[in-house]
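Below you'll find the structure, written out as structure tokens, and then a few comments.
Sequential numbering from 1 along the given sequence is applied to the chain's residues.
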Amino acid sequence: MTVVAPIAGGRGEQLVNGEAVEVDVRNARVGSRGLALLLDMVVQVLLGIVLFLLTGAVSSALLGAAADDALIDALATVSVLLVFVGYPTIVETVTNGRSLGKRAMGLRVVREDGGPIRVRHALVRSLIGLAVEWPGLLFPPFTWAVALTTMLFSPQGRRLGDLAAGTFVIHERSPAPWGWVPAMPPQLAGWAQTLDLTNLDDDLALAVRHYLARAAEIRQPMNARFAQSLSGEVSERIARPVPPGVPPWMFLSAVLAERRRRAADRVHAGRALTQRIWPGFGRLEWTRAAGPTWDPAGTNPPLLGVVKEEGRPS
């Protein structure tokens, strides 16, 4: 059984699959799916034209005068079936639910339990799309309106083909939430202000931040090896050794916290200038939101000195 529960904040939904594994998903809505469909439509129309012309030319060359209107109608019917049923079925099956349009928009078709679709799912979706959605051979544009209404009022943005096949469409590219950021150890605040962080690039800073956020989950002795390796590399970049008696993780936390403080000061200075030139567009309150605090008790963060950043605008 599959359970889908909303996630606080409306960013996505928590899907619990048949193996009782929680999967964080973000359902695709009409806008992104419409753009993906538009791209797929262009591909399908071009493919249909090429296929019809090619089969017509071959039949004329082989049959000559015997190629009558009935044959042309038959070729047109076969071309429509191949383009609007065969093509999407094959593509979505081979690519695990990503047509060209969906790939461009970062979308994927999945089963209701979050697993990859099979041939039967792709085939049902294609048949429903041909009959009542796109191109909607049965009673257009009435069926188009029904299909659009179904998507708008479905909690997961599912179209008729999704309901019949037991599938829905999700975003593969989900926005990353604000994560854990290092806090400044009070005893290292003055020392950190004297550091030259010019050579501390973004890649190394990101690696340190990832380590600090996950250090509580890393077992020894690998934890100590990571800390020693990163602190040694950071010390080389800033040309300052780890202060005596300071653990490597505290040293790394202090360096990243100081780097973040300086970056915030630069942003604040730029927004202050913008506010003077164009009042109302500086948004100074964004740079003065309360930052992470040092929690030596370790009640909230996964590691001493690492806390979750709150109060940031999305």
Problem set entry | Single-linkage hydrophobic cluster, 4.5 Å side-chain cutoff, V78 and L137 together | yes
For this session: Side-chain contact test, heavy atoms from C-beta onward, threshold under 4.5 Å: evaluate it for V255 versus L200 and give yes or no.
Result: yes
For this session: Taking the side chain as every heavy atom from C-beta outward, state whether V85 and V80 have any pair of such atoms under 4.5 Å apart.
Result: no
Problem set entry | Spacing of CZ belonging to R159 relative to CZ belonging to R33, to within rounding of 0.5 Å | 6.0 Å
For this session: Run the numbers on I238 and L197 for side chain to side chain contact (heavy atoms under 4.5 Å, CB included), then give the verdict.
Result: CA-CA 6 Å; I238 66 176; L197 305 180; 3.7 Å; yes
For this session: Would you name the heavy atoms of A254 and W191 that are closest together and state the gap between them?
Result: CB-CZ3, 4.4 Å
Exercise. Looking only at atom types and distance, does a side-chain atom of S154 sit under 3.5 Å from a main-chain N or O of M151, one as donor and one as acceptor?
Worked result: no
Exercise. Is it the case that one hydrophobic cluster holds both L230 and L256, taking links as side-chain heavy atoms less than 4.5 Å apart, direct or via other members?
Worked result: yes
Exercise. With R237, which of N199, D201, T198 fulfils side chain to side chain donor-acceptor pair (under 3.5 Å)?
Worked result: D201
For this session: Please report the shortest heavy-atom distance between L188 and P243, naming the atom on each side.
Result: CD2-CG, 4.4 Å
Exercise. Of all heavy-atom pairs between H121 and R118, which one has the smallest distance, and what is that distance?
Worked result: ND1-N, 2.9 Å
For this session: Using modelled atom types only, decide if a donor and an acceptor are shared between the side chain of S79 and the backbone of L51 within a distance under 3.5 Å.
Result: no
Exercise. Could you state the interatomic distance from CD (E233) to CG (L204), rounded to the nearest 0.5 Å?
Worked result: 4.5 Å
Problem set entry | N/O donor-acceptor pair under 3.5 Å between R111 side chain and P116 backbone | yes
Exercise. Going only through I, L, V, M, F, W and Y residues with side-chain contacts under 4.5 Å, is there a path from M105 to I117?
Worked result: yes
For this session: Specify the closest pair of heavy atoms between L195 and R262, including all atoms of both residues, with the distance to one decimal.
Result: O-NH2, 2.8 Å
For this session: Return yes if some donor-acceptor pair links the side-chain N/O of R108 with the main-chain N/O of N96 below 3.5 Å, else return no.
Result: yes
For this session: For the pair T150 (side chain) and V146 (backbone), establish whether a donor and an acceptor sit closer than 3.5 Å, ignoring hydrogens and angles.
Result: yes
Exercise. Minimum heavy-atom separation for E258 to A192, with atom names?
Worked result: CG-O, 3.3 Å
Problem set entry | Side-chain (H210) to main-chain (A207) donor-acceptor, under 3.5 angstrom | no
Exercise. Is any side-chain heavy atom of L100 less than 4.5 Å from a side-chain heavy atom of L39?
Worked result: no
Exercise. Does atom CD of E236 have more than 12 heavy-atom neighbours, drawn from other residues, nucleotides or ligands, at distances under 6.0 Å?
Worked result: no
Problem set entry | Stepwise salt bridge (charged side-chain N to carboxylate O under 4.0 Å, His left out) check, K102 with E92 | CA-CA 10 Å; K102 290 183 178 64; E92 289 192 351; 3.4 Å; yes
For this session: State whether R259 and D202 are salt-bridged, where the test is any N-O pair (Lys NZ or Arg NE/NH1/NH2 against Asp/Glu carboxylate O) under 4.0 Å.
Result: yes
Problem set entry | Common cluster, L47/M41, ILVMFWY with side-chain heavy-atom separation under 4.5 Å | yes
Exercise. Is the shortest heavy-atom distance from the side chain of L148 to the side chain of L152 under 4.5 Å?
Worked result: yes
For this session: Report yes if some heavy atom in the side chain of V234 is under 4.5 Å from a heavy atom in the side chain of V242; otherwise report no.
Result: no
For this session: Verify, without hydrogens or angle tests, whether S253 (side chain) and W249 (backbone) share a donor-acceptor contact under 3.5 angstrom.
Result: no
For this session: Measure the CG-CD1 distance between D162 and I128 for me, rounded to the nearest 0.5 Å.
Result: 10.5 Å
Problem set entry | Heavy-atom donor-acceptor pair, W134 side chain to W144 backbone, under 3.5 Å | no
Problem set entry | N223 side chain vs Q220 backbone, donor-acceptor pair below 3.5 Å | no
Exercise. Looking at side-chain heavy atoms only, is the closest gap between E112 and T167 below 4.5 Å?
Worked result: no
Exercise. So do the side chains of L107 and S32 get within less than 4.5 Å of each other, counting heavy atoms only?
Worked result: yes
Problem set entry | Lys/Arg-Asp/Glu bridge criterion (N-O < 4.0 Å) met for E133, R125 | no
For this session: Using the side chain to side chain contact (heavy atoms under 4.5 Å, CB included) rule, take R260 and M184 through it: C-alpha gap first, then chi angles, then the decisive distance, then the call.
Result: CA-CA 10 Å; R260 177 179 177 274; M184 175 63 71; over 6 Å; no
Problem set entry | Joint cluster assignment, L123 & L163, ILVMFWY side-chain distance < 4.5 Å | no
Problem set entry | Distance (rounded to the nearest 0.5 Å) between L82 CG and T77 OG1 | 11.0 Å
Exercise. Of all heavy-atom pairs between V43 and Y87, which one has the smallest distance, and what is that distance?
Worked result: CG1-OH, 3.4 Å
